[in-house]
Amino acid sequence: MPTPLPDDWNRWLGGEFQADYMLALKRFLADEKAAKKTIYPHSSQWFRAFELTPLSDVKVVILGQDPYHGPRQAHGLCFSVQAGVAVPPSLVNIYKELASDVGAEPVKHGHLEAWAKQGVLLLNTSLTVEKGNAASHRGKGWEPFTDRAIQTVSEHALPSVFLLWGSHARQKKSLIDTRRHLVLEAPHPSPLSAHRGFFGTRHFSKANRFLVEQGRTPIEWQLPATP
């Protein structure tokens, strides 16, 4: 597996591509493709979150679990879908909280690259999934890599905000230096759990307040009407 990461990420993560776990992951993915299984997203987008958000630009980290496993959805950014695809239910709830918190007008698409380009690292803890089979690539080797990415932000990025939504994301808090970074926790925005405490958290305004306090430019959470 090559090291398809931008230079500043590659400095800290490039060596991971020769680790035993990553070589095992490479073999697993090759076997899946040989078995004619469809893997999402396309391999050219596995590391899209790192390409769009260089380490030096990271301001906010949002953690997801797995890529979407439906056709044309996943493109390498957690919670985000490609243009022309229906907005997923969890993202609908994120838009509702954005509207309530910072007055951002909900848009009719679910394409979040505009956030990524401002410094919002939209990172899934597993970067691939089999079509129609949620969680199918968990435990295959992605988690040590993405854990190391979280640690890299903690150790080497400017003071940033980590938004940990749901029990899976909240388990990653131990990887973060909370003396330097702001960690905000809440239930997952899924329709199954959003009403148990995601709504009303005001995480987006709190994130921007922290960034301003650190002398950093806040995030423009209002997405463009068209991606």
Side-chain angles (χ1 to χ4, degrees), residues 48-49 52-53 57-70 73-126 134 146 150 153 157 159-173 176 178 181-214 216-227:
R48 187 68 171 150
L52 289 174
T53 312
D57 291 350
V58 172
K59 296 177 181 176
V60 176
V61 179
I62 299 179
L63 288 182
Q65 297 185 42
D66 308 291
Y68 295 115
H69 55 83
Q73 289 183 304
H75 64 121
L77 305 178
C78 75
F79 292 105
S80 182
V81 292
Q82 298 191 65
V85 177
V87 180
S90 292
L91 187 53
V92 169
N93 285 337
I94 291 171
Y95 287 173
K96 289 179 181 177
E97 176 61 18
L98 273 167
S100 173
D101 183 10
V102 298
E105 189 73 24
V107 293
K108 299 183 184 301
H109 64 83
H111 197 255
L112 305 181
E113 280 196 5
W115 289 354
K117 291 176 180 178
Q118 293 183 71
V120 182
L121 181 66
L122 296 165
L123 182 66
N124 279 313
T125 55
S126 182
T146 54
I150 294 167
V153 174
S160 301
V161 183
F162 289 79
L163 303 184
L164 307 184
W165 299 332
S167 59
H168 180 83
R170 294 168 86 166
Q171 291 171 8
K172 305 299 182 181
K173 185 176 180 179
I176 303 164
T178 56
H181 306 284
L182 177 64
V183 176
L184 299 175
E185 302 177 65
H188 196 275
S190 160
L192 298 175
S193 56
H195 291 281
R196 296 205 297 265
F198 175 77
F199 292 126
T201 53
R202 304 186 68 85
H203 278 183
F204 304 100
S205 59
K206 289 176 181 177
N208 275 352
R209 189 176 306 119
F210 176 83
L211 292 171
V212 170
E213 289 170 354
Q214 299 297 320
R216 309 193 69 189
T217 305
I219 302 298
E220 173 51 73
W221 293 110
Q222 177 65 63
L223 290 161
T226 56

Can you name the side chain to side chain donor-acceptor pair (under 3.5 Å) partners of [X], sequence neighbours left out?
X: Asp66; answer: Arg138
X: Arg170; answer: Glu185
X: Lys96; answer: none

Who are the side chain to side chain contact (heavy atoms under 4.5 Å, CB included) partners of [X], not counting sequence neighbours?
X: Val87; value: Leu91, Val92, Tyr95
X: Ser167; value: none
X: Arg216; value: Lys59, Leu158, Ser160, Leu211, Gln214
X: Leu182; value: Val161, Leu184, Phe210

[X] side, atom [atom1]; [Y] side, atom [atom2] - distance, nearest 0.5 Å:
X: Lys172; Y: Thr146; atom1: NZ; atom2: OG1; result: 5.5 Å
X: Leu63; Y: Trp165; atom1: CG; atom2: CH2; result: 10.0 Å
X: Thr226; Y: Lys108; atom1: OG1; atom2: NZ; result: 12.5 Å
X: Thr178; Y: Phe162; atom1: OG1; atom2: CZ; result: 10.5 Å

For the residue pair [X] and [Y], establish whether any side-chain heavy-atom pair is separated by less than 4.5 Å.
X: Pro189; Y: Phe79; answer: yes
X: Ser190; Y: Pro89; answer: no
X: Leu112; Y: Leu122; answer: yes
X: Tyr68; Y: Pro88; answer: yes
X: Ile150; Y: Ile176; answer: yes
X: Trp115; Y: Leu77; answer: no
X: Ile94; Y: Phe204; answer: yes
X: Ile62; Y: Cys78; answer: yes

Summary of side chain to side chain donor-acceptor pair (under 3.5 Å) pairs that have at least one residue in residues 73-89, sequence neighbours excluded: His75-Ser80

Between the main-chain N or O of [Y] and the side-chain N or O of [X], is there a donor-acceptor pair closer than 3.5 Å?
X: Gln118; Y: Ala114; value: yes
X: Trp221; Y: Leu98; value: no
X: Asn208; Y: Pro218; value: no
X: Glu97; Y: Gly200; value: yes
X: Thr53; Y: Ala116; value: yes
X: Ser193; Y: His188; value: yes

Qualifying salt bridge (charged side-chain N to carboxylate O under 4.0 Å, His left out) pairs with a residue from residues 186-213, counting only residues at least two apart or across chains: Asp101-Arg202

Pairs involving residues 217-227, ordered by first then second residue, that meet salt bridge (charged side-chain N to carboxylate O under 4.0 Å, His left out) (sequence neighbours left out): none

Partners passing ring pair (Phe, Tyr, Trp, His ring centres under 6.0 Å) against His69 (at least two apart in sequence or in another chain): none

Which residues share a ring pair (Phe, Tyr, Trp, His ring centres under 6.0 Å) with His168, sequence neighbours left out: none

Do you know which two heavy atoms are closest between [X] and [Y], and how far apart they sit?
X: Pro227; Y: Ala83; result: CG-CB, 3.7 Å
X: Pro67; Y: Ala74; result: CB-CB, 3.8 Å
X: Ile219; Y: Val60; result: CG1-CG2, 4.0 Å

Side chain to side chain contact (heavy atoms under 4.5 Å, CB included) evaluation trace for His181 with Val61: CA-CA 11 Å; His181 306 284; Val61 179; over 6 Å; no

